2 protein chains.
Amino acid sequence: MKLLRYLPIALACCFPAILRAQVQVHPNLMLTEAGIPAVKKGIAEYPLLKKSFADIKAKADKALAEKMDVPTPRDGAGGYTHEQHKNNAANILSCGIAFQMTGDVKYSTYIKDILLLYAAQYEQWPKHPKQKSNQIPGKLFWQCLNDFVWQVTVIQGYDMAYNSIAVKDRATIEEHLFVPILKYFTEDCKETFNLIHNHGTWCLAAVGITAYVIHKPEYVEMALKGSNRDGKTGFLKQLEELFSPDGYYTEGPYYQRYAIMPFVILAKAIQQNQPERQIFKYRDNILAKAIHAGLQCTYTTNYFFPINDAMKDKDFVSDEMVYGVDIAYADIQPEADLLDIAKKQNKVVISDAGLTVAKALADGKAQPFGYKSQWMSDGPKGDEGGLGILRYGTNASQQCLLLKAAGQGMGHGHFDRLEILYYDNGSEIFSDYGSARFVNIESKFGGDYLPENKTWAKQTIAHNTVTVDRQSQFGAVLNKAQPTHASLLHFEAKGDIQITSARENQAYPGVGLLRSSILFKPDGATKALMIDVFQVNAAAEHQYSLPFWYQGVITDASFKFSAVTNDLKALGSDNGFQHIWFNSDNDVANQSSYITMLNAEHFYTTHFVGTSPMKVKLVTVGAGDPNMNLRNERGFILEQKQAGCQAFISITETHGRTDATAETTTGAKSNISNLKVIGNEAAETTFSFAVKGKTYTCKLNYSSKDKFIQISKN
Amino acid sequence: MKLLRYLPIALACCFPAILRAQVQVHPNLMLTEAGIPAVKKGIAEYPLLKKSFADIKAKADKALAEKMDVPTPRDGAGGYTHEQHKNNAANILSCGIAFQMTGDVKYSTYIKDILLLYAAQYEQWPKHPKQKSNQIPGKLFWQCLNDFVWQVTVIQGYDMAYNSIAVKDRATIEEHLFVPILKYFTEDCKETFNLIHNHGTWCLAAVGITAYVIHKPEYVEMALKGSNRDGKTGFLKQLEELFSPDGYYTEGPYYQRYAIMPFVILAKAIQQNQPERQIFKYRDNILAKAIHAGLQCTYTTNYFFPINDAMKDKDFVSDEMVYGVDIAYADIQPEADLLDIAKKQNKVVISDAGLTVAKALADGKAQPFGYKSQWMSDGPKGDEGGLGILRYGTNASQQCLLLKAAGQGMGHGHFDRLEILYYDNGSEIFSDYGSARFVNIESKFGGDYLPENKTWAKQTIAHNTVTVDRQSQFGAVLNKAQPTHASLLHFEAKGDIQITSARENQAYPGVGLLRSSILFKPDGATKALMIDVFQVNAAAEHQYSLPFWYQGVITDASFKFSAVTNDLKALGSDNGFQHIWFNSDNDVANQSSYITMLNAEHFYTTHFVGTSPMKVKLVTVGAGDPNMNLRNERGFILEQKQAGCQAFISITETHGRTDATAETTTGAKSNISNLKVIGNEAAETTFSFAVKGKTYTCKLNYSSKDKFIQISKN
């Protein structure tokens with residue numbers, strides 16, 4: 001924060017002067033004039049660079065072979081004109097790279113020709129005829145965000161073709177396309193431009209990079225310091241506000257990934273054009289931290305934790321993270337385990353950074369990626385809760401337990417405080433539904449978030465956390481949730497006991513929520529147990545519902561259930577309950593019970609007990625869904641209804657194997673037994689359980705720093 | 001059949017004489033005394049043999065490190081004693097191989113010790129206390145089948161350790177274990193021994209191989225010619241009866257795979273001990289044909305077509321097929337494309353055959369497997385229907401369309417005549433549920449077929465074929481179905497039009513079913529269209545239901561549907577309809593309609609039209625399922641109700657792509673339009689449709705050989 005205080009002044013003095021003094025060279029973004037000879041050599045020499053270029057060149061050649069089309073914008077996401085403009089941008093970038101690497105002017109001619117077509121029409125186009133609700137429209141696309149992304153892509157291609165385009169044509173393109181775009185983005189989209197939000201990042205990256213390339217220093221300054229050039233908004237402010245000191249992006253990993261790209265490309269442009277800014281060192285290397293945080297927010301399958309609005313099939317192989325990893329390794333800090341990620345990405349950016357990465361990989365420098373157990377703080381100051389990430393075991397069979405105790409994450413945030421996600425053996429065990437959306441599929445609500453995203457995916461019951469009185473946290477009202485955050489109580493992750501413990505006291509008036517999620521490896525075991533202690537505390541009586549949304553199938557239970565065979569009812573009528581089919585209702589009273597699931601050939605048994613009589617409901621997602629938009633995922637919901645200090649305690653054990661090919665099964669029975677609550681009050685919770693007949697007692701002392709968790713074997 | 005006529009006589013004369021004359025050598029099965037030096041050398045030299053041996057040796061070493069346990073049999077499938085005896089057998093085989101390859105007697109000592117433990121107890125054990133219904137119990141396992149498999153495994157290990165076990169110990173093992181086993185299998189299990197069925201194959205393989213190893217020629221003869229040594233049953237008869245001339249095994253691919261192993265191992269034992277029999281050439285190389293037929297009954301994912309009772313996760317990587325492929329290549333015919341399969345199996349048997357395969361692979365001789373379009377006949381004479389298998393495209397993006405028009409396939413057969421399965425781009429598009437079973441998972445109905453296998457998986461409505469009046473074919477009565485079979489009408493598979501056309505006239509009294517399934521590639525297209533013409537013909541009015549059980553999700557439809565949001569009902573009360581949730585009912589009248597599905601990032605649009613007013617029901621599996629045993633798969637059911645000659649005509653087009661990583665979508669709209677019935681009568685069906693605006697007319701002339709199908713472009 002110290003940096004922020006003096007920077008605006010420093011910038012205001014020397015910044016335009018520096019820009020003016022500089023000799024304009026092209027290209028000078030990801031690919032630089034100085035770096036080109038080495039990159040050209042590298043594409044013959046380093047396998048990953050070679051492969052990556054072959055892909056790009058194939059795309060460029062395909063672009064040249066196709067009929068050029070710059071249609072009048074008409075369609076929403078997934079429709080023809082939408083996809084065509086997206087493709088045109090990608091083609092311009094591919095052709096720019098192909099031109100620089102091969103020197104063949106057919107590629108730069110393509111860029112010139114298509115940009116002249118855009119220049120001939122852009123100013124005549126009105127705002128996009130379809131508008132996405134609550135979004136400023138673009139001119140090419142139905143939301144301005146897509147226009148920003150388009151421009152970030154296109155300007156890079158233009159920069160690469162720049163020197164081979166006649167001055168007259170450049171003037172046409174800049175005057176009738178890029179300058180109007182700068183105006184549109186900074187004036188018509190001014191509100192977004194000044195937003196501290198990923199849409200804002202894309203907007204100012206488009207403006208900033210374009211301004212560097214076509215030499216408009218006043219726009220560079222706006223990009224860095226906001227419309228009013230006062231530093232209250234703009235790129236530097238975004239670097240301050242959007243990431244926590246640990247690099248966590250407040251909207252969550254899905255948007256962290258999305259936002260990384262403009263952050264990185266603009267930073268690289270700044271670095272090339274104004275190296276004296278030392279942008280990569282800004283705020284104690286915040287960009288490197290953001291890239292690392294993005295990677296630490298993945299499981300070993302490469303997929304991001306699908307918290308908040310997230311497409312579940314998104315992983316770090318996406319282009320945004322390729323840019324991030326290449327820049328992080330080449331321009332910030334060459335950490336060998338980033339090369340492991342680059343290898344899995346199987347792609348580098350054809351750029352100075354990509355060359356460095358491909359060479360290092362060819363030199364055999366890669367190390368396995370260092371997944372960490374860590375508390376990843378949220379909020380600009382790191383004091384607005386965060387994610388507790390526990391990991392156990394090798395990358396090949398890692399257990400990962402996430403406790404989400406962060407801030408709301410703005411409009412894409414879900415009402416899911418203190419939810420857990422649990423992974424093991426390369427699979428989701430207890431999962432988050434992610435968002436309800438068919439991204440870019442026009443026939444599905446225009447490719448936008450579906451109505452069920454609000455009525456189901458965001459609601460508390462869709463998450464592995466306690467729902468109180470069948471209401472969502474904060475009544476599912478963003479404005480109530482956004483100013484608040486969950487709070488870390490305790491985190492430790494050494495040896496065979498790892499724990500995150502966090503509180504949420506504002507989501508439900510008068511109800512204190514306190515969850516402790518634990519990985520504990522008993523003596524002689526190869527895997528840790530996942531232990532979950534969810535304490536709820538209220539003077540009045542409340543109904544508490546704690547779902548475990550699981551992947552796989554139930555193969556066993558300690559109680560006999562009998563699912564509804566006909567006339568299946570929804571579990572409720574609102575707050576997400578209207579989307580849940582109520583398959584089976586089971587009263588397990590005060591008994592310790594269990595459910596066994598089979599998931600990817602491994603068994604998982606969850607033993608559970610409460611402090612008051614418990615019911616277990618078996619449920620399936622899919623009610624209240626006239627368009628059949630939802631996936632039929634399954635869960636079991638534990639319920640207690642009582643006043644005072646209550647707790648749900650569960651232990652999930654990984655055990656046994658099935659082998660579908662050999663048709664063998666081993667270890668189908670859990671080794672855990674006798675889970676018992678010994679005591680539960682506001683200050684501490686104590687319980688015991690047996691592993692293969694040996695009894696363990698676990699005590700959580702919520703007010704102790706040194707002895708927060710103690711597990712003893714009797 | 002000629003062979004069969006003279007063989008029994010020939011055998012009766014010379015066979016015992018030959019056996020007696022032979023010098024007994026050990027080992028002399030998959031691994032032979034003569035072959036051992038070369039195999040030993042090969043495990044150092046050829047990567048796949050090396051890897052395969054390393055796996056076996058690791059298992060052998062693990063066996064030696066564990067406590068030896070030969071428990072009194074007690075548990076059903078998946079339980080401790082069941083799995084322990086299975087493991088013991090696998091360990092004995094692994095140790096036998098490890099002994100032969102390393103010469104270390106610790107491995108043969110293990111075999112001697114554990115077999116002495118078995119010999120000390122076997123005779124005292126009663127029949128297994130748990131019995132599987134309708135099955136003769138084993139002594140080690142709850143069904144005698146498992147005892148047969150155990151013995152086929154164990155005797156191979158014994159054969160390898162033979163020379164290093166003291167004569168006295170051998171006498172004990174043979175007298176108190178193997179001879180009693182021979183007696184048990186041929187006397188107590190006599191009924192199974194003489195069964196023309198996979199259980200029978202395992203039984204007589206166990207008997208035959210054991211008899212060769214411990215030199216009991218009378219049992220060899222029984223294994224080859226049945227209990228009465230009259231050739232009416234036994235191995236040779238099985239080779240005649242169980243496979244069609246094309247090598248198709250009447251129970252279907254899942255059991256074809258299972259049966260291959262004993263066939264192959266016994267055949268190899270015969271070849272080693274009585275080479276003059278030329279067993280591999282028997283019935284025009286029927287064993288080689290069976291192995292190839294097994295492979296041709298897979299899709300490019302390696303998975304078998306899951307018709308009849310089949311676990312869907314079974315592929316040709318299973319051990320049985322490793323034995324099959326190795327023997328087929330090394331002992332029968334060295335076809336280079338078998339090496340492609342061996343490579344995918346990533347394993348060879350440590351044997352003379354495995355050496356040959358591993359060497360050929362190391363020499364780079366592999367060719368891509370030659371998937372074929374073929375009519376694969378069923379029945380010993382090849383005249384009891386069969387499978388129509390159409391394939392289009394490369395192995396990397398193959399379209400495969402199966403029309404099942406075979407015999408019933410005995411007790412594991414489903415009532416699914418004229419069902420289709422459709423695959424594309426490495427995915428199931430229209431799928432068969434397979435069997436309802438959690439194999440070897442004791443908590444799920446003892447690991448056996450679930451009750452839902454009978455009430456759901458076998459019923460006609462669970463399959464992509466017409467159900468008449470909501471009844472299953474043959475009333476789902478095996479005895480009615482078994483004597484009959486569907487019939488091939490026409491098969492051709494050349495150029496851009498491939499077709500299977502078949503009839504079934506007995507499944508529903510008074511109703512003729514005639515289905516023509518077609519792959520047709522229009523000019524300029526890269527993929528074929530899947531065209532399906534299902535004609536139903538009856539004097540009386542009937543209700544016809546034709547389901548398409550699809551994988552993936554519906555993203556679009558030509559009609560607006562509104563799924564039930566609460567109080568979800570089952571579609572019916574019996575014949576499988578009680579297991580179907582009825583999500584949505586839609587009246588499309590006489591209009592050509594479509595449904596678009598997204599499956600593994602590709603779009604599939606099915607256009608359909610009927611000859612009478614049509615209803616479309618959207619449905620989900622899972623009603624009537626108190627134990628939640630069923631997977632919630634989805635389908636749409638086309639329904640017509642009319643007398644006379646009716647037809648369902650549909651065209652399924654593969655189009656477009658989504659890319660989850662890049663978040664792009666192309667070609668989400670189908671290129672097909674205007675599907676129209678021009679005429680439909682018993683003798684011919686004519687319809688037209690447009691592809692990208694160009695009209696095609698398709699005429700099926702059911703009585704013509706030369707012009708069965710004509711497609712013309714107008």
Side-chain angles (χ1 to χ4, degrees), chain A residues 77-79 82-83 86-87 90 311-315 317-319 438-444 447 553-557 561-570 573 578 581 583-584 596 598 603 618 620 622-629 631-632 634 658 660-666 668-669, chain B residues 77-79 83 86-87 90 311-315 317-319 438-444 447 553-557 561-570 573 578 581 583-584 596 598 603 618 620 622-629 631-632 634 658-666 668-669:
Chain A
H82 183 99
E83 293 298 327
K86 260 175 95 167
N87 286 342
M311 300 305 300
K312 291 194 77 167
D313 43 11
K314 205 70 176 182
D315 60 20
V317 173
S318 69
D319 272 358
F438 292 84
V439 68
N440 271 353
I441 297 182
E442 205 178 7
S443 55
K444 284 299 215 184
V553 292
I554 291 181
T555 56
D556 200 8
F561 59 83
S562 185
V564 171
T565 56
N566 204 347
D567 290 315
L568 189 60
K569 304 280 193 295
S573 56
Q578 74 275 28
W581 292 119
N583 297 110
S584 159
T596 300
L598 178 63
F603 292 97
L618 303 186
T620 307
D625 181 22
N627 298 314
M628 296 177 81
N629 286 332
R631 298 190 304 275
N632 294 150
R634 284 181 160 174
T658 64
T661 303
E663 294 193 355
T664 53
T665 297
T666 52
K669 293 238 177 262
Chain B
E83 293 298 327
K86 259 175 96 168
N87 287 342
M311 300 305 301
K312 291 193 79 167
D313 44 11
K314 205 71 177 182
D315 60 19
V317 172
S318 70
D319 272 359
F438 291 86
V439 68
N440 270 353
I441 296 181
E442 207 179 5
S443 55
K444 284 299 217 183
V553 292
I554 291 181
T555 56
D556 199 9
F561 59 83
S562 185
V564 171
T565 57
N566 204 345
D567 291 313
L568 189 60
K569 304 280 192 295
S573 56
Q578 74 276 26
W581 292 120
N583 298 111
S584 158
T596 300
L598 178 64
F603 292 97
L618 304 186
T620 307
D625 181 21
N627 299 312
M628 296 178 82
N629 286 331
R631 298 190 304 274
N632 294 149
R634 285 180 159 174
T658 64
D659 180 330
T661 303
E663 295 193 355
T664 54
T665 298
T666 52
K669 293 237 177 263

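Here the structure is a predicted model, which is why all the values come from computation and not from measurement.
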Is a side-chain donor or acceptor of B:Lys569 paired with a backbone partner of A:Asn566 at a separation under 3.5 angstrom?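 Not at all, since once roles are kept as given, no pair shorter than 3.5 Å links the two residues.
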
Does any N or O in the side chain of B:Lys444 come within less than 3.5 Å of the main-chain N or O of A:Ile554, such that one atom is a donor and the other an acceptor?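 The answer is yes, because a donor-acceptor pair under 3.5 Å joins these two groups.
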
Quick one: of B:Ala557, B:Ala570, B:Ala662, B:Ala668, who has the most non-hydrogen atom pairs under 4.5 Å with chain A?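 Among the listed options, the one with the most contacts to chain A is B:Ala570.
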
Closest-packed option against chain A by number of heavy-atom pairs under 4.5 Å, given B:Ser573, B:Ser443, B:Gly447, B:Ala660: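 Highest number of heavy-atom pairs under 4.5 Å: B:Ser443.
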
How long is the span from the CE atom in B:Met628 to the CG atom in A:Asn583, to the nearest 0.5 Å?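 One gets 4.0 Å once the value is rounded to the nearest 0.5 Å.
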
Below 4.5 Å, heavy-atom pairs only: which of A:Asp313, A:Thr661, A:Thr555 has the largest tally toward chain B?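 Heavy-atom pair counts peak at A:Thr555.
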
Against chain B, work out which of A:Asn627, A:Val317, A:Asp319, A:Thr666 has the most heavy-atom pairs shorter than 4.5 Å and name it.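 The residue among A:Asn627, A:Val317, A:Asp319, A:Thr666 with the greatest pair count is A:Asn627.
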
Which pair of non-hydrogen atoms, one from [X] and one from [Y], has the smallest distance, and what is that distance?
X        : Y        : result
A:Thr664 : B:Asn440 : CA-ND2, 3.8 Å
B:Pro626 : A:Thr565 : CD-CG2, 3.9 Å
B:Val439 : A:Thr665 : O-OG1, 4.0 Å

Which atoms of [X] are under 4.5 Å from chain A, going by heavy atoms: the side chain, the backbone, both sets, or neither?
X        : answer
B:Met311 : side chain
B:Asp567 : both
B:Asn629 : neither
B:Thr620 : side chain
B:Arg631 : neither
B:Val553 : side chain

With side chain to side chain contact (heavy atoms under 4.5 Å, CB included) as the test, would you mind laying out the steps for B:Phe438 and A:Thr658 before giving the verdict? CA-CA 10 Å; B:Phe438 291 86; A:Thr658 64; over 6 Å; no

Under 4.5 Å from a heavy atom of chain B, the part of A:Asn632 involved: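 It is both, since atoms from each part get that close.
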
Could you walk me through whether A:Glu663 and B:Lys314 pass salt bridge (charged side-chain N to carboxylate O under 4.0 Å, His left out), step by step? CA-CA 9 Å; A:Glu663 294 193 355; B:Lys314 205 71 177 182; 3.3 Å; yes

Are more than 12 heavy atoms from other residues, nucleotides or ligands located less than 6.0 Å from atom NZ of A:Lys669?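 Count not over threshold, so no.
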
